[in-house]
Every structure is written in C-alpha cells, then in structure tokens.
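All remarks here apply to the structure that follows.
Order of listing sets the numbers, starting from 1, for every ligand and every atom in it. Keep in mind that what you see is a predicted model, and the values were worked out from it rather than measured. Starting from 1, each residue takes its place in the sequence as its number. Hydrogens, waters and symmetry mates are skipped; everything else that's a heavy atom, side chains included, is used.
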Amino acid sequence: MKKLTGIGVSPGIVIGEAFVHAEDDVPEIPRYAIRKHQVEAQWKRLLTAFGKAVEEVSSLQEQAEREVSREQADIFGAHLLMLEDPDFQSQIRERLESELENIEWVVWDISREMTQKLLGSPDAYLRDRAVDIADVSHRLLQHLLSVRRFSLSELTEDVILVVHDLLPSDVLTMNRERVKGIVMDMGGRTSHTAILARAFGIPAVLGLSSATKEITNGDGLVVNGAFGEVVVNPGEKVLGRYKQAAGQFRKMENELFALRDLPAETPDGHRVTLNANIELPEEAEQVLRYGAEGIGLYRSEFLFFTPGQGADEERQYRAYARVLKMMGDKPVTIRTVDVGGDKIVPAFGTGDEKNPLLGWRAIRFSLSLPELFKTQLRAILRASTEGNVRIMFPMISGIEELEQALGIWHEARDECRRHKVVFADHIEVGTMIEIPSAAMTADILSGRSDFFSIGTNDLLQYTLAVDRGNEKVNYLAQPFHPAMLRLLRIIIDAAHARGIRAAMCGELAGDPLATVLLLGLGLDEFSMAASAIPLVKRIIRRADFDGSRALAEKALGCGTYGEVNALLKTWMTEHFPPE
Ligand code: PEP
Ligand code: MG
C-alpha cells in the first residue's frame with residue numbers, strides 16, 4: 001500500500017480499479033535526414049495533416065457547443081486558431097528547410113520546445129496552457145503517422161483514470177459514465193481538467209507528478225478528491241476506513257438533497273444566505289444542484305484566460321447572459337476583472353513587475369484602462385435584463401478609488417442610455433474588502449456601497465504579509481489570527497451601522513470550522529465553492545445564534561490563533577460528536 005498526495009480539485013471519495021491511460025499514444029517519432037528536393041513532398045504531407053486536424057477539431061467544437069458549453073467550444077476554437085495560425089506554419093516550414101529533417105520530427109521538436117517553455121513558466125495559467133499545444137501537435141502527429149487516436153469514449157467498464165495529462169478533447173469525449181475518478185500527474189486548480197471534473201462532479205486529484213509511474217493498470221485505488229489523497233492497493237483496514245468515509249460522504253450528499261431547499265437558518269431563527277463562487281458559466285448548473293441561493297462571486301477574469309481568445313464585449317455579454325438566465329431570479333454577483341497579481345494575462349502586459357501582488361492588478365488595472373473597463377460594464381449592463389445581476393469591484397483600497405470606479409460605472413450607464421440599450425433599473429454595486437486600508441475605512445466606504453464582500457484570501461495575505469502562493473510561509477496564513485478577527489468585526493459592524501449587507505467570498509466562508517464564528521460576527525452572506533454549501537448549511541442549522549455570538553466574543557478575546565482554533569474545534573466536537 002502507498003499513499004500519494006496531490007491537489008484535490010473535485011471533492012468526493014471513490015474506490016475502484018486503475019486504468020492507466022498510456023502517457024503518449026503517439027509511437028516513437030522517427031527522425032531522419034531529408035534532401036532539399038524532398039522538402040515540398042514533406043510539406044504537402046503536413047498540409048494534408050493540417051486539413052484533417054482542422055476537420056476533426058471543427059466537429060469537436062460543434063459537439064462541445066451542443067453537449068457541453070460555449071466555453072468548452074471556445075477551447076476547440078482556440079485549437080483551430082492555432083492550426084490556422086500562419087506563424088505556427090511558417091515556423092515549421094522554416095525549420096523544415098533549415099534543418100532538413102522529416103516533418104514528423106520537426107513538428108514534434110517544435111511542439112516540445114513550446115510546451116517546455118510554457119511548463120517552465122512561474123505562472124500556473126501558462127503552465128496549464130501547455131496542454132493545448134500538446135493537444136494540437138498530437139493530433140497532427142497522429143495524422144502524419146497514420147495512428148488511430150485511442151478514444152476514452154470506448155471505455156466500457158468503470159475505472160479510475162490515471163493519466164499523465166488529459167487533453168481537453170479527451171475530457172470532452174471520454175465516456176463520463178465510466179470514469180469514476182481522475183488521477184493525474186499534471187494540472188492545477190485552473191487547468192481545464194480540474195474545471196471540467198468539477199463541472200461533471202467527478203472526484204479528481206491532480207498535480208501528483210509521478211502517479212502514472214507509481215500506479216499500474218488494475219491496481220486498487222482510493223481517491224479522495226477533497227483532500228488530494230490517492231491510496232494505491234490499500235490494505236483491508238484502510239479500505240474499510242475509506243469505505244466508511246465514502247459511505248458518510250454519500251450519506252451527507254443524500255442529506256444534502258434533503259437540505260437543498262431548506263433555509264440556512266439557525267434553530268433560534270437567524271437567517272443567512274449561502275451563495276456559490278464560480279469561475280466559468282458552466283459551473284452555474286452545479287451551483288443550483290447544491291442549493292445555492294445565488295452566485296456571490298463570479299470571477300469574470302477567467303473569461304480572459306481562454307487561450308487564443310480575447311474577451312470582447314460580445315463574448316462577455318454571452319457569458320454573463322448565460323449565467324443570469326440559468327440562475328433565474330437568483331442574484332449573480334459579477335466581480336469586475338481581477339487580473340494581475342498571480343493571475344497574469346500576458347496579452348495585457350501584467351506580471352512584469354517586481355511585486356505583482358502589490359502592483360497593477362484588479363481595480364487598479366481596470367481604472368488605468370477605462371475603455372476596457374467600460375467594455376466589461378457595458379456587457380454586464382446589456383446582460384442585466386436576463387436576470388438579477390449585481391456587480392462588485394475587487395481590491396478597493398480607499399474611497400477615492402471607489403468613487404473613480406463608480407464614476408466609470410455611471411459613464412457606462414449613460415452611454416448605454418444614449419445608445420438606447422435597455423438595462424435593469426437597479427443594479428447593486430458592492431465593494432470587496434480585501435485590503436487592510438479598506439477594512440479600516442469600512443465606515444467611509446459603506447456610504448458608497450450597496451454591500452460589502454470580504455475577500456479573506458487577499459485580506460489575509462495583506463494583513464499578515466504572507467504571499468498566498470508561497471508554500472514556505474503558508475504556515476503563517478492563519479485566518480483565525482486575532483488581527484483578522486478584529487478586522488472582520490470592524491468590516492461587518494461598519495456594514496450594519498449603515499444598513500448594508502456584509503458578505504464574504506474568500507475561502508474562509510466555506511471553511512466549516514469558521515462557520516459558527518462568522519455567524520456570531522454577524523456575517524449575512526457566505527459565498528463558497530458550491531460543493532461546500534451543504535456542510536456549512538448543516539452547521540448553521542445546528543448553531544444557535546445567541547450562542548454563536550457569545551462564541552465570537554470569546555474568540556475576539558483570545559490572544560493567539562491557536563486559542564481560537566481550539567475554541568472552534570471544541571464547539572465542533574460538542575455539536576457534531578464523532579459517530
Ligand atoms: C479573495 O481574495 O478572498 C477573493 C475572493 O478573491 P480572489 O481569491 O479571486 O483573489
Ligand atoms: Mg482577492
């Protein structure tokens with residue numbers, strides 16, 4: 001038995017048999033020298049392969065649009081752009097002429113160079129994009145070498161898929177009825193595989209580095225997609241434990257359906273709202289499945305991350321309208337783009353700074369490019385008639401910045417009116433509180449905000465000076481640090497003093513240990529990964545509000561995060577004794 005640890009990207013516990021999908025279904029690439037007069041013949045073969053690949057990808061694009069989503073169709077759209085990119089082709093032509101080697105080798109060599117460059121990037125998003133280059137060149141090579149592409153759609157038995165990497169086209173075409181779990185060497189939270197696994201509800205652990213080497217076909221596996229654990233050939237005792245945990249998970253999922261339509265209300269009648277966070281429109285379906293009352297954070301910047309695609313007004317409009325329509329009258333909070341920091345978009349020139357986390361990101365970026373900002377606001381306004389939209393601005397540091405953002409919002413509305421664009425009468429505009437200076441001036445910001453949404457991921461990062469992506473200092477990222485608790489109190493009280501709602505969309509909102517504390521501090525809206533909602537709701541329905549308030553007071557009196565932690569753990573064991 002051995003245990004591998006990776007990144008849990010899609011929750012759920014699954015037990016099953018490993019199917020190790022060959023790392024590379026393209027055989028060894030032949031390499032041989034060619035003569036000058038053979039260049040044209042080699043080139044012709046490549047053009048034929050390009051033609052076939054374009055045909056295939058176009059049909060995958062249509063299938064994605066029909067069966068999955070516009071966003072997934074866009075991924076294949078990006079592959080088509082790559083296939084039709086004259087630069088890509090001329091790079092191959094130049095190499096073919098200068099190196100005088102066979103075309104398969106040239107294609108393979110160029111794609112290897114490109115993917116390695118991307119994989120070496122410090123930016124997780126760019127690393128994840130290497131998979132798109134790999135997808136396109138594999139397709140070309142398969143046509144050049146006349147090998148049939150093994151399709152995961154041919155799976156006929158239940159398996160846990162173990163792969164080095166999955167191409168977006170594999171995920172789309174695989175037999176989703178049969179793939180019970182995904183275990184992958186590559187990938188992070190923003191990779192397409194992670195996003196699709198979550199969207200399809202398949203437990204998945206990614207970023208395991210060498211799972212395909214450690215696991216062989218037919219091995220018994222346990223995958224815990226919430227904690228990022230993969231156990232290979234577990235012994236009876238361990239298997240029993242996981243079977244029990246899987247049973248509990250299923251039981252909880254069933255209870256979840258019983259809870260789905262019940263309010264998030266304490267036994268003594270205090271009601272709060274549970275919303276979900278999304279990154280892509282297709283997640284809205286899952287949001288409804290888990291009984292979210294709305295979307296508390298739609299990270300709109302993900303629209304700008306689709307390879308080869310700009311997010312023009314039309315594309316943004318379509319995405320927003322789709323989410324709004326799916327959510328009906330439930331509120332959808334679109335956060336204006338938060339690029340920069342660790343979310344680098346090279347096309348925008350972000351990421352070229354010494355301290356990107358303290359640099360040109362989020363609202364600072366939008367305010368310095370007002371036309372781009374207005375494009376987004378117009379797209380939101382146009383979509384607003386499709387449902388119940390709210391907007392909020394990320395990384396506001398003080399009132400001047402908020403006033404400036406509101407100024408552009410009003411300009412966008414005036415422009416729409418002038419152009420006779422119909423939009424919703426009243427759209428709430430909120431402020432994200434995720435910088436200590438905003439927290440400390442929350443009483444001022446509340447005068448110009450319809451609601452607050454606390455971004456605890458950044459608030460923690462900036463309050464404790466802990467880079468949220470740096471594992472060396474991760475131990476310091478303590479959300480129960482007394483400084484955090486005091487800031488939360490200031491923010492929530494400032495909102496209530498002005499009669500506006502205090503929401504939270506950082507990870508802390510979905511942390512079950514924090515639920516009773518946040519409830520006691522008076523938080524009105526919790527927004528989290530949809531799959532975290534049931535557990536948080538269950539806790540709220542068992543926590544009495546007066547008791548929670550007393551507990552929050554006690555926590556605020558603690559001098560260390562360790563004491564707060566202990567206090568909350570004791571509360572949990574008292575209210576949810578182990579069965
Ligand atoms: C946060 O900072 O808590 C937040 C919700 O925003 P993001 O994680 O996208 O920075
Ligand atoms: Mg943030």
### Query
Which class fits the ring pair Phe393 and Phe373: parallel under 30°, tilted 30 to 60°, perpendicular over 60°?
perpendicular
### Message
In terms of relative ring orientation, are His575 and Trp571 parallel, tilted or perpendicular, with 30° and 60° separating the classes?
### Response
parallel
With a cut-off of 4.0 Å, which atoms of ligand 1 are near a heavy atom of [X]?
{"X": "Asp338", "result": "10 (O)"}
{"X": "Cys505", "result": "5 (C)"}
{"X": "Leu297", "result": "5 (C)"}
{"X": "Gly455", "result": "1 (C), 2 (O), 3 (O)"}

### Task
Mind jotting down which residue pairs meet the salt bridge (charged side-chain N to carboxylate O under 4.0 Å, His left out) criterion with at least one end in residues 429-449? Sequence neighbours excluded, please.
Glu403-Arg448
### Task
Give every residue pair that meets the salt bridge (charged side-chain N to carboxylate O under 4.0 Å, His left out) criterion with at least one member in residues 511-528, sequence neighbours excluded.
Arg390-Glu525, Arg501-Glu525
### Query
Which is the closest N/O/S atom of Glu434 when seen from the Mg ion (ligand 2)?
OE1
#### Entry: Considering only N, O or S atoms of Asp458, the one closest to the Mg ion (ligand 2)
OD2
### Message
Can you tell whether the side chains of Arg382 and Glu314 come within less than 4.0 Å, N to carboxylate O?
### Response
yes
### Query
Salt bridge or not for Arg335 and Glu301, using N-O below 4.0 Å?
yes
### Under 3.5 Å: N/O of Arg335 near N/O of ligand 1
yes
### Query
Has ligand 1 got any nitrogen or oxygen that is less than 3.5 angstrom from a nitrogen or oxygen of Asn457?
yes
### Task
Heavy-atom distances under 4.0 Å are what count here, so tell me which part of Asn277 touches ligand 1: side chain, backbone, both or neither.
neither
### Task
Verify, without hydrogens or angle tests, whether Thr463 (side chain) and Leu460 (backbone) share a donor-acceptor contact under 3.5 angstrom.
no
